[in-house]
Amino acid sequence: MAQAKIGIIGGSGLYKMEALKDIEEVKIDTPFGSPSDAAIVGTLDGTPVAFMARHGRNHTFLPSEVPYRANIYAMKSLGVEYLISASAVGSLKTEAKPLDMVVPDQFIDCTKNRVSTFFGEGIVGHITFGDPVCGELAKVLASAIESLNLPDVNIHRGGTYVCMEGPAFSTKAESNLYRSWDATVIGMTNLPEAKLAREAEIAYATLALVTDYDCWHTEHDSVTVEMVIANLHRNAENAQKVIQETVRRLTENPPVSDAHSALKYAILTRLDRVPAATKEKMGLLLQKYL
Ligand SMILES: CSC[C@H]1O[C@H](OP(=O)(O)O)[C@H](O)[C@@H]1O
Ligand SMILES: Nc1ncnc2[nH]cnc12
């Protein structure tokens, strides 16, 4: 199978990466079901990169339906060690304007109905998640954005991403509650992905593309899908430039990440007591430890 150390998950409005060359569609079946779509593996300035459309190329999966486990497992099986999630978000702060880019360093889990672990079925593990994104990867991403000096785009290093269940957008009371928590942006997808990436020992960071002011801002209309997609289209070229520059920097200088050894002290179950079927299912994730 094609291999790539760098993976990109594209969210709403980001269904392909124009700059990828020599592309190959890789259909991957996983013990956790089928991913959202085939992975597209190609090269960016010579570096192999794997791309996956989070909601499928035709946007057919709700945030609650995205097969997060299969997507992350698929990335792992392609050899991905650094994963960048490009995602649309609503802003919860005046200073994070539509078209700005945020590289969050924290998440708050307001999901209700997500499977966000590979563990279970006879194997118990608890990853450390105090710092839910890889600080080193986030640094490379933020520096790449800054270096591009994109007109009309401000970059916000750090900030908290609230992950809500959806699919309906928030009420004003909810939006103001998240603001009272000092959260920066809101979306519906990144938290389960970040947890699973950590369990898969993949360094994960989010490129959050601000598309709207959710529904709290008295001088802006409440978020609509039309608004999100229109602003994403305005920003898609910038997002691709950021990804290209980030890939260039990662290729030149791949950072050491704690995420790459996240399972070292996480597993409680003696591995010789793990049921054979579970060991097989999790084999790719556990292979270093078996
Ligand atoms: C189209 S608006 C709501 C939708 O957009 C975001 O998607 P993603 O995180 O995949 O970019 C948000 O999380 C919702 O899924
Ligand atoms: N306001 C919002 N709430 C949740 N997810 C979003 N994605 C983009 N804008 C959003």
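All ligand and atom numbering here is 1-based and tracks the order in the structure. Since the structure is predicted, the reported quantities are computational estimates derived from the model, not experimental observations. Residues take their numbers from the sequence shown, with the count starting at 1.
Within ligand 1, counting atoms from 1 as listed, the ones closer than 4.0 Å to a heavy atom of G11 are 8 (P), 10 (O), 11 (O). For ligand 2, the atoms lying closer than 4.0 Å to a non-hydrogen atom of D214 are 1 (N), 2 (C), 3 (N). Residue T211 has at least one heavy-atom neighbour below 4.0 Å for each of these atoms of ligand 2: 8 (C), 9 (N). Per-residue contacts place S87 under 4.0 angstrom from the following atoms of ligand 1 (heavy atoms of the residue considered): 9 (O), 11 (O). Near F169, with a cut-off below 4.0 Å to any heavy atom, the atoms of ligand 1 are 2 (S), 3 (C). Counting atoms of ligand 1 from 1 in the listed order, those under 4.0 Å from a heavy atom of T189 are 8 (P), 9 (O), 10 (O), 13 (O), 15 (O). Heavy-atom proximity to G187, at under 4.0 Å, picks out these atoms of ligand 1: 13 (O).
Of the N or O atoms in A88, one or more lie within a sub-3.5 Å distance of an N or O in ligand 1. No N or O atom of M188 sits closer than 3.5 Å to an N or O atom of ligand 2.
A donor-acceptor pair under 3.5 Å is formed between the side chain of S91 and the backbone N or O of A96. In this structure, W181 contributes its side chain and I108 its backbone to no donor-acceptor pair below 3.5 Å. Under the 3.5 Å distance criterion, the side-chain polar atoms of D100 are left unmatched by any main-chain donor or acceptor of I155. Not a single donor-acceptor pair under 3.5 Å links the side chain of S85 to the backbone N or O of T206.
Around atom CD of E146, more than 12 heavy atoms belonging to other residues, nucleotides or ligands sit under 6.0 Å away. Other residues, nucleotides and ligands contribute only 12 or fewer heavy atoms inside 6.0 Å of the NZ atom of K112.
The protein heavy-atom contact nearest to atom 7 (N) of ligand 2 is A88 O, 3.3 Å. Atom 10 (C) of ligand 2 has as its closest protein heavy atom G90 N, 3.4 Å. For atom 5 (N) of ligand 2, the nearest non-hydrogen atom of the protein is G187 CA, 3.5 Å. In this structure, atom 9 (N) of ligand 2 lies nearest to the protein heavy atom D212 OD2, 2.6 Å.
When non-hydrogen atoms are compared, ligand 2 lies under 4.0 Å from the backbone of I186 as well as from its side chain. With a 4.0 Å cut-off on non-hydrogen atoms, P63 touches ligand 1 through its side chain and not its backbone.
Nearest residue to atom 8 (P) of ligand 1 from R54, H59, M227 is R54 (criterion: closest heavy atom). Closest heavy-atom approach to atom 2 (C) of ligand 2 within the set Y178, F169, W216: this belongs to F169. Comparing M188, E193, H55 by heavy-atom distance to atom 14 (C) of ligand 1, the nearest is M188.
In this structure, H260 has its ring center under 6.0 Å from that of Y82.
A side-chain donor-acceptor contact under 3.5 Å links R157 and S143.
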